[in-house]
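Any value given below was found using the heavy atoms of this structure, including those in side chains, with hydrogens, waters and symmetry copies removed. Here is the naming used below: chain letters follow the sequence lines, and residue numbers restart at 1 for every chain. All of these numbers come straight from a predicted model, not from anything done at the bench.
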There are 4 protein chains.
Amino acid sequence: MKTTKSENTKRLIIEKTAPVFNTKGYAGTSINDLMDATGLSKGCIYGNFQNKDEIALSVFDHNFGKVTQHMKERILATENSIERLLVYPQTYKNYFRYPYLQAGCPILNTATEADDTHAKLKERAQKALGLWKTAIVNQIKRGIERKEIKEDTDATEISVIMISMIEGAFMQAKVNNHMTELKIAMSFLEKLIKNLKV
Amino acid sequence: MKTTKSENTKRLIIEKTAPVFNTKGYAGTSINDLMDATGLSKGCIYGNFQNKDEIALSVFDHNFGKVTQHMKERILATENSIERLLVYPQTYKNYFRYPYLQAGCPILNTATEADDTHAKLKERAQKALGLWKTAIVNQIKRGIERKEIKEDTDATEISVIMISMIEGAFMQAKVNNHMTELKIAMSFLEKLIKNLKV
Amino acid sequence: MKTTKSENTKRLIIEKTAPVFNTKGYAGTSINDLMDATGLSKGCIYGNFQNKDEIALSVFDHNFGKVTQHMKERILATENSIERLLVYPQTYKNYFRYPYLQAGCPILNTATEADDTHAKLKERAQKALGLWKTAIVNQIKRGIERKEIKEDTDATEISVIMISMIEGAFMQAKVNNHMTELKIAMSFLEKLIKNLKV
Amino acid sequence: MKTTKSENTKRLIIEKTAPVFNTKGYAGTSINDLMDATGLSKGCIYGNFQNKDEIALSVFDHNFGKVTQHMKERILATENSIERLLVYPQTYKNYFRYPYLQAGCPILNTATEADDTHAKLKERAQKALGLWKTAIVNQIKRGIERKEIKEDTDATEISVIMISMIEGAFMQAKVNNHMTELKIAMSFLEKLIKNLKV
DNA sequence: AATGAATGAGCATTCATTCAT
DNA sequence: GATGAATGAATGCTCATTCAT
């Protein structure tokens, strides 16, 4: 499995610039910022990506992929549906342990900025949000089938509550530069999820 | 109390540009946008504000003030603490009725964008978030004193949950361009608040 | 008849940059060249013209207008149709006398460069060429009506010959940096025109 | 006479890129265009030519050589001096028959673009123009000696008229995208040349 | 108090050229 | 001899800000 030089550079650009995009926002990040972050020249960056947009999109996919993969792995290590749902609050509560999560939620970072000017990025965030919601809903339905979750649980409602709590708490963490609210919100979410147990 | 011509122009600039900042974001809004929105010249805008930053800050204060005042008025019209807390979910559930709320939550709009590049704006959002939290906490404490809210209620926890749910749901509304999630989240919040009743 | 400051600047830009466009070609002229030629800043140039294209187009119109006006004036000073046609070779033969003609024929300068990339400029050159041809044809027809030009003269043929000779000779003048061929060609054209006399 | 691999690649580059230079102009042609046209890599092109300029120069020589050779062959197939001179208008009148002429006259293509920025290219066009003129002049002198052309013919004048007419008419063909004027001009040239007959 | 012409640093992007492989 | 990743100067253009009027 040979990796070409170009593939390595592409990956390097994405990995090195991801934190910049997360910190400065997609619009606030200039090509010069990307040069500083990567140590590469303008020409090299443009040799590997068609334009700034393509880099932003790749970085979003990279960030979202990282989080998704992490959750998947942890979910697969669980024994029942309640534990599966608990993976989210438990991870985010201690997210400082996972370096690639520290930049915050990629969706949140993208969501509020991406406007008409960044239609593609907004679409990406939208789709990601949809996938996340569906995953939770399916998790709950499966739990009901397996008699691990109360039969009368409103799967959609729970998914909306979970996502809202996580994103809202993340926003506060970002603005306040501390995790107090994030921890409180995640603890509440844990109680709420545990209450779904039959 | 005489209002000078200058004060009037300042107010006009703030009021006319507030929706622009809310829609395009603080960074995405150019001086030209402000000229278009106000019908005023570059020189006039710079005659009334030192720079774009000062306008952005004033607009944030204006937006936040509007929402705060609206909540205050509705809160004063209530009869007990539970109803007071319910003002938040009830308002946001139907926020399309209030034109000045339609651009979303000013804090959320500011929070995710405001960074090192917009330190002052971030500080403003931080402070606003703190005030909001304190207001809810005080509301709950007062409710407990008045025997309208259960004695063992964790005021801080409830305030964090409320703010997280509202902001997280708003974010989804913004990304998805629909209110489905916002309504579900606000309904949940209503149930949760009603449960605090003694 | 008040001229605004902006109108003056626009004229200044056109007049000062016209020779640059003529010398370097429309594509070979950079905004920096325009700054050097005018002594104005980038922002000022873009404050007066939407983009480089608009400047190039304005310069073409300016150049073509100058030549056209000069010819018109000289034509109006003549007494008969033969003399009118002679204005062209006589002017170009001594074109070094007219500073604004020295940059050469604006149409020729534009014509060979203007490609798919400069569609608008090509269209301009095309239209100018058409107007010129029509003017000559009409001159000849008028001469025939007035019995000043032989009845059997092929107006179209003469116009094509005149324009071809002038443009072809101009091209040689440009490449060779001397007027030898231009003078020979214009003298031939004079003989040819005088032969049209009844 | 062995041809090295390198010589073959050089020829391939010249032949494949010649039409590109003719269409887009020397300045408007980028190295990427040359890669697309040849199917070769950047490194390969730069391995065979020192820089873009050297390619442009080689292409000019190639184009001019093609036209020159074509004329020579047709001239050698004629029986007298008048027919020899007629080769030019007759060829250009039907130039669409000769694929390598269809991009227009290489001299014209080069002449108007080549400037201070393309000093060498301009020099090349100048020299080519001189060779062409001399060739015609010699043709006429030879015709006079052989009593095929009127003794009092001004060889220089005729050569200037021929070249001017051809180049001027070609320019119109290029701008107008049709051959109407070219045909008219070439027919006139034919009449003019036939008139030189003793 | 208001205008709008002018500034210049900054932006995203292109392009001729080099060089390790 | 050929590749293509990397360079960095240059390009057209935007934008917050200033200042003479």
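- For the OP1/OP2 pair of F:dG4 and a distance below 4.0 Å, the side-chain nitrogens and oxygens of A:Asn48 include no atom meeting the criterion.
- In this structure, the NZ atom of A:Lys10 is 12 Å from the P atom of F:dA6, given to the nearest Å.
- Considering only side-chain N and O atoms, C:Lys42 lies nowhere under 4.0 angstrom from the phosphate OP1 or OP2 of E:dG8.
- Taking only side-chain nitrogens and oxygens, D:Thr9 never comes nearer than 4.0 Å to OP1 or OP2 of F:dG1.
- Mapped onto DNA chain E by nearest heavy atom, A:Thr29 and C:Ser41 fall at different nucleotides, with C:Ser41 at the one closer to the 5' end.
- Rounding to whole angstrom units, CE of residue B:Met35 and P of E:dA5 are separated by 10 Å.
- Across the protein-nucleic acid pair, B:Phe49 atom CZ and E:dA1 atom P stand 13 Å apart, rounded to whole Å.
- Of all heavy-atom pairs spanning A:Ser58 and A:Ile14, the tightest one is CB-CD1, 3.7 Å.
- The distance between atom NZ of A:Lys52 and atom C1' of F:dT14, rounded to the nearest whole Å, is 13 Å.
- Here F:dA16 presents its P atom at 8 Å from CG of B:Leu34, a figure rounded to the nearest Å.
- In plain terms, the two heavy atoms of B:Lys122 and A:Val175 that are nearest each other are CE-O, 3.4 Å.
- Contact between the side-chain N/O atoms of C:Asn32 and the OP1/OP2 oxygens of F:dA10 is not found at any separation under 4.0 Å.
- For the pair C:Asp33 CG and F:dA10 P, the interatomic distance rounds to 12 Å; values are reported in whole Å.
- D:Phe60 and D:Pro106 make their closest contact through CE1-O, 3.8 Å (heavy atoms, listed as atom of the first residue, atom of the second, distance).
- Taking side-chain N and O atoms only, A:Ser6 has no distance below 4.0 Å to OP1 or OP2 of F:dG4.
- For C:Tyr46 and F:dT14, the shortest distance from a side-chain N or O to OP1 or OP2 is not below 4.0 Å.
- At a threshold of 4.5 Å between non-hydrogen side-chain atoms, the residues A:Val59 and A:Ile55 count as touching.
- Under the side-chain contact (heavy atoms from CB on, under 4.5 Å) test applied with C:Phe49, the options C:Ile13, C:Thr17, C:Leu34 reduce to a single match, C:Ile13.
- Taken to the nearest 0.5 Å, the NE2 atom of B:His118 stands 11.0 Å off from the CG atom of B:Leu57.
- Positionally, the nearest nucleotide of DNA chain F for C:Ile31 lies more toward the 5' end than for the other of C:Ile31 and C:Gly43.
- Here B:Asn8 does not reach the OP1 or OP2 of E:dA1: none of its side-chain N or O atoms lies under 4.0 Å away.
- Distance, A:Tyr26 OH to E:dA12 C1': 18 Å, rounded to whole Å.
- For the residue pair D:Asp33 and D:Gly28, the shortest heavy atom distance occurs at OD2-O, 3.7 Å.
- Applying the 4.0 Å criterion to OP1 and OP2 of E:dT14, one finds that D:Ser30 has every side-chain N and O outside that range.
- One finds no side-chain N or O of C:Asn51 lying less than 4.0 angstrom from the OP1 or OP2 phosphate oxygen of F:dT14.
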In dot-bracket form, 5' to 3', how is DNA chain F paired? Count Watson-Crick and G-U wobble pairs only if both distances fall under 3.5 Å, and write | where the partner sits on another strand. .||||||||||||||||||||

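- Among the atoms of the strands shown, none is found under 4.0 Å from any heavy atom of A:Gly47.
- For the pair B:Ile45 CD1 and F:dA16 P, the computed distance is 11 Å after rounding to whole Å.
- In this structure the side chain of C:Lys42 never reaches within 4.5 angstrom of the side chain of C:Ile45, judged on heavy atoms.
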